[in-house]
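Proteins get letters first, then strands, A, B, ... in listed order; numbering begins at 1 in each. Quick caveat, the model's predicted, so the values are computed rather than measured.
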There are 2 protein chains.
Amino acid sequence: MAAQRGEGDGVVTSPEAPADVRERARAIPEAAVARLAVYLRVLSGMVEQGVTTISSEELAGAAGVNSAKLRKDLSYIGSYGTRGVGYDVEVLVSHIERILGLTRKHSVAVVGIGNLGHALANYGGFPSRGFPVAALFDIDPDLTGVPVGGIPVNHIDDITSVCAEREVSIGVIATPPQAAQAVCDRLVSAGVQCILNFAPVVLQVPDYVEVRKVDLAVEMQILSFHVARRADEAAGDVVNGIGVDGVVIRP
Amino acid sequence: MAAQRGEGDGVVTSPEAPADVRERARAIPEAAVARLAVYLRVLSGMVEQGVTTISSEELAGAAGVNSAKLRKDLSYIGSYGTRGVGYDVEVLVSHIERILGLTRKHSVAVVGIGNLGHALANYGGFPSRGFPVAALFDIDPDLTGVPVGGIPVNHIDDITSVCAEREVSIGVIATPPQAAQAVCDRLVSAGVQCILNFAPVVLQVPDYVEVRKVDLAVEMQILSFHVARRADEAAGDVVNGIGVDGVVIRP
DNA sequence: TACCGCTTGTGAACGCTTGCACAAAGTCGG
DNA sequence: CCGACTTTGTGCAAGCGTTCACAAGCGGTA
């Protein structure tokens, strides 16, 4: 990835307080960030249930991870637990939100208003979590101006101006694969540095742009792999009894 | 590794090498499986363009990975390249398909016919890749019988019988979070062993069930984290529009 | 205050993944 | 047939991420 990351950076950073947060943020492993988001959701549920304190064991259970891993993850963002007691739920929530940058609004633009684009535009989970959908784009002139999920669709040619104007920080690509790279290029030149890509293509972007991809076909194929592996195991390992290539199982 | 590999002899791999394939499949790292699916897509595109041979360097470039990694990934499924030349595209495609279990049909059931469920039911990418949508379910009686994307919706209470009857091997959960665990339990008791979960919940399942989750909120929050990190970096390290490594924030 | 039990935070070991570098193995031109 | 050139396949080392195990720290109790 970023090839020229300053390694032994004795780079004297500003002695200000934020330097602490910054240094720490840089050190958090990618995998841990993903889990922090999960913890956050579980914790939000806890708050609503009136839970005020939670132990690493409980939280880990609810999040589906090992408790040691959870504690290590939390240690990346600082030590806010109380030994012998656990974590204060609200404190934890606010710290995770801060680290994940959820204290700011992140305006989202969705490009490609097909089936998926519609679903995304109408998806209530975004705005409620601090990700307001600020703009929609499509190449079809017939769609232009038509409101979807309360937001009028703009023509794709206006990406640059509209994104800049509405301070879009996250672009979501829900176009057919053929159009994805071109759309991506436009988003990047509009100043969007974070992209969520639903199109089944490998996007080429400059180093400073962060891309995350959600690829349904790949997910399905990974599951397919496991089905196959299981069937093979059954064929090979099951001596007597359950089916060969059909359904097996249920211990 | 492959302990009893027949060396030197020009052993033509029989169309079926059950034990061999099985042993190998078990050894493939999870991360590599995900990449194999990506390679497969790139290769499919190559086939359509009439490309017959491709080098690891080219394929790696198109798939966005390091060429050494690609070669190692391919070595997990066997050595089908020709030194000095590269890989035969069609041969590679068929071997990856075999390993990923794409030689069988994997019927899919989608549960929860809301915005997302609609989009999934209409999504052309599934059937064309060997994942026919065989059943749709929803809890709303008004939807029952209504065809979506050509398939009539069944009531959720019929999951067990319908899934068994249509040999569903993959369940897709696109319900609201509150319903997800219950739906999951029903799918599992219907014999479904692979689940793709779009609901923002951590599902509890028996060991033998494989779950993959696609969590939009988490993806957005990871991107948010990067936005925040970047902003912090800018605040701390940017002198005058120039970032740490001389990278301009906005070209 | 002093002790006890519980839970955090983290050093250290382990294992998986990545990337390098190069021998092996093939093609191609003469 | 040979030698130059190309590209694969893989041993090896470095880097992360995960897990274990336990000392340190805190609240509760007498």
Residue met sooner reading DNA chain C from 5', once B:Ala31 and A:Ala68 are mapped to nucleotides: A:Ala68
Interatomic distance where CG belongs to A:Leu74 and P belongs to C:dG9 [whole Å]: 8 Å
Using the side-chain heavy atoms of B:Arg83, tell me which of these nucleotides is nearest: C:dG9, C:dA21, C:dA24. C:dA24
Do any side-chain nitrogens or oxygens of B:Ser56 fall under 4.0 Å of OP1 or OP2 in D:dT8? yes
Testing D:dT7, D:dT10, D:dT19 for proximity to the side chain of A:Lys69, the answer is D:dT19
Any side-chain N or O of B:Ser75 less than 4.0 Å from the OP1 or OP2 oxygen of D:dG9? no
Check the distance between C:dC20's P and B:Leu70's CG and give it to me in whole angstrom. 14 Å
Check whether A:Asp88 reaches the backbone of A:Leu92 with its side chain - one donor and one acceptor, N or O, closer than 3.5 Å. no
For B:Ile28 and C:dT17, give me the distance from atom CD1 to atom C1', rounded to whole Å. 15 Å
If only atom types and distance count, is the side chain of B:Ser55 paired as donor or acceptor with the main-chain N or O of B:Glu58 below 3.5 Å? yes
Nearest-angstrom distance from the residue atom CG of B:Asp73 to C1' of C:dT18: 10 Å
Protein-nucleotide distance (A:Glu57, atom CD; D:dA21, atom C1'), rounded to Å: 14 Å
OH-OG distance between A:Tyr39 and A:Ser56, expressed to the nearest 0.5 angstrom: 10.0 Å
Is there a side-chain contact between A:Tyr87 and the phosphate of C:dG9, meaning an N or O under 4.0 Å from OP1 or OP2? yes
Side-chain donor/acceptor contact of A:Lys72 with base of D:dT19 under 3.5 Å: yes
Look up atom CZ in A:Arg41 and atom CE in A:Met46, then write down how far apart they are to the nearest 0.5 Å. 12.5 Å
Does D:dC20 have OP1 or OP2 sitting under 4.0 Å from an N or O in the side chain of A:Asn66? yes
D:dT18, OP1 or OP2 - any side-chain N/O from A:Arg35 closer than 4.0 Å? yes
Checking the side chain of B:Ser224 only, and the main-chain atoms of A:Gly101 only, is there a donor and an acceptor separated by less than 3.5 Å? yes
Round to a whole Å and report the spacing from OH of B:Tyr76 to C1' of D:dT8. 16 Å
What's the CZ-P distance between B:Arg71 and D:dT6, to the nearest Å? 15 Å
Separation of atom CD in A:Glu58 from atom P in C:dC6, rounded to whole Å: 14 Å
